[in-house]
There are 2 protein chains.
Amino acid sequence: MIRDRGIARLTAREVAGLAGVSEASVFYHYKDRFGLLQAVFEEGLKPLRALAEGGVHPGADPREVLTLYGNTLEEFLDGVLPLIAAAQSDAELRDSMEAYMAEHDLGPHRGVRAIGDYFAAEQAAGRARADFDPYAVAMMFIGACYTRASQRETPLPSIALPPLERIIDSIVALMAPAGRSV
Amino acid sequence: MIRDRGIARLTAREVAGLAGVSEASVFYHYKDRFGLLQAVFEEGLKPLRALAEGGVHPGADPREVLTLYGNTLEEFLDGVLPLIAAAQSDAELRDSMEAYMAEHDLGPHRGVRAIGDYFAAEQAAGRARADFDPYAVAMMFIGACYTRASQRETPLPSIALPPLERIIDSIVALMAPAGRSV
DNA sequence: GTCTATAGGTTGATAGAC
DNA sequence: GTCTATCAACCTATAGAC
């Protein structure tokens, strides 16, 4: 409901109607509107925790690592971004979600750290240029995924951003040590 | 009001109180709540149009170009992102803003195009590696700015993403032709 | 746990005087 | 153009029967 009609239309009445129960049941289970929304958010943010917990295997092929992580991240963001945007509609909700994310240490910095650590290990093993900044490139990679997912939320007709594959190709090429470029 | 209390609390009554006029005046000038919000959005999106119109000078120093564009973009996003998020709270608002952005051809693709074109020109002039993909790197740069600005919206304590300067340094180093690395 | 009924409050919007 | 007064609609939340 949040995704296609917006959180403003997410009333107890509508939820009850869609669930085929009475309005009072909604309040019985979730206490109040805030409790209902909090439950929605905690449920919706779960996959993001799963992503944060899933590590990136060191030593693996860069293209494979980035493809898997990027696709997974974008998929999760597609599900989660509408909720994050919705939470901005009310200060109380926003602060509550902020506290939840702080408590579970969620945020883009997790992706930057995961991919950055991987890049740094590759570099230490001599599989990346010396002037390749692991965390700066990781930040850009996460940023590209984030922006692509954000733009899908308000789909503008026939305007496409560069596909993930092209971004990954570019990173792989740029990180390759001199004289051994792909 | 949207920025610090959320769009849900942006009622005609509150606006009137803050403006020191009566509630009826608000409706007289903006017809209805939708008209009021539309006016807010059109006003708030103006700086974004200005950025889209301001070109990037070809031939200029990469570090200067990226620093100016990146800072300007982040500054504008800081002002505009709360509005974009707020518009997601209601389907009607969201569609209206989407139409506005489509009409004026706004969106991250504009930044990718502007910076990508600049990179492509640098490459054509021999000032960038051959295996440097102008538009992929532009996408990552815009993405980093976008993500940094987005994260500032819900400030999580003591968690910092890599600063813009470090990202720019990284790009400058990576684009430098072999044998002439910075 | 679920229902019906309803209280209590807020909001968008209008009417009509000035 | 601005005001006061007011309404109808809607929403959250609760009471109480089953």
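Every chain is numbered from 1 and lettered A, B, ... according to where its sequence line falls, protein lines coming before strand lines. Just so we're clear, the structure is a prediction, and the values are computed from it rather than from any experiment.
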- Task: Starting at atom NE2 of A/H29, determine the distance to atom C1' of D/dT12, rounded to an integer number of angstrom.
- Result: 17 Å
- Pairing of A/R113 and A/D105 as salt bridge, 4.0 angstrom limit: yes
- Message: Donor-acceptor pair, distance only, cut-off 3.5 Å: does the side chain of B/S25 make one with the backbone of B/V21?
- Response: no
- Message: Do B/R5 and B/E14 have side chains that approach each other closer than 4.5 Å (heavy atoms only, starting at C-beta)?
- Response: yes
Find every protein N or O atom lying less than 3.5 Å from an N or O atom of nucleotides 13-18 of chain C, and list the pairs.
from	atom 1	to	atom 2	distance (Å)
C/dA13	OP2	B/R33	N	2.7

- Query: How would you label the contact of B/S22 with the nucleic acid (heavy atoms, under 4.0 Å): base, sugar-phosphate, or nothing?
  - Reply: base
- Task: Tell me whether the OP1 or OP2 atom of C/dC3 has a side-chain N or O from A/S25 closer than 4.0 Å.
- Result: yes
- Separation of C/dG12 atom P from B/D90 atom CG, nearest Å, is 12 Å
- Message: When you compare the side chain of B/L45 with that of B/H104, does any pair of heavy atoms fall below 4.5 Å?
- Response: no
- What's the verdict on side chain to side chain contact (heavy atoms under 4.5 Å, CB included) for A/H57 and A/V65, showing C-alpha distance, side-chain angles and the deciding distance? CA-CA 8 Å; A/H57 300 91; A/V65 167; 6.0 Å; no
- Main-chain N/O of B/R63 paired with B/T67 side-chain donor or acceptor, under 3.5 Å: yes
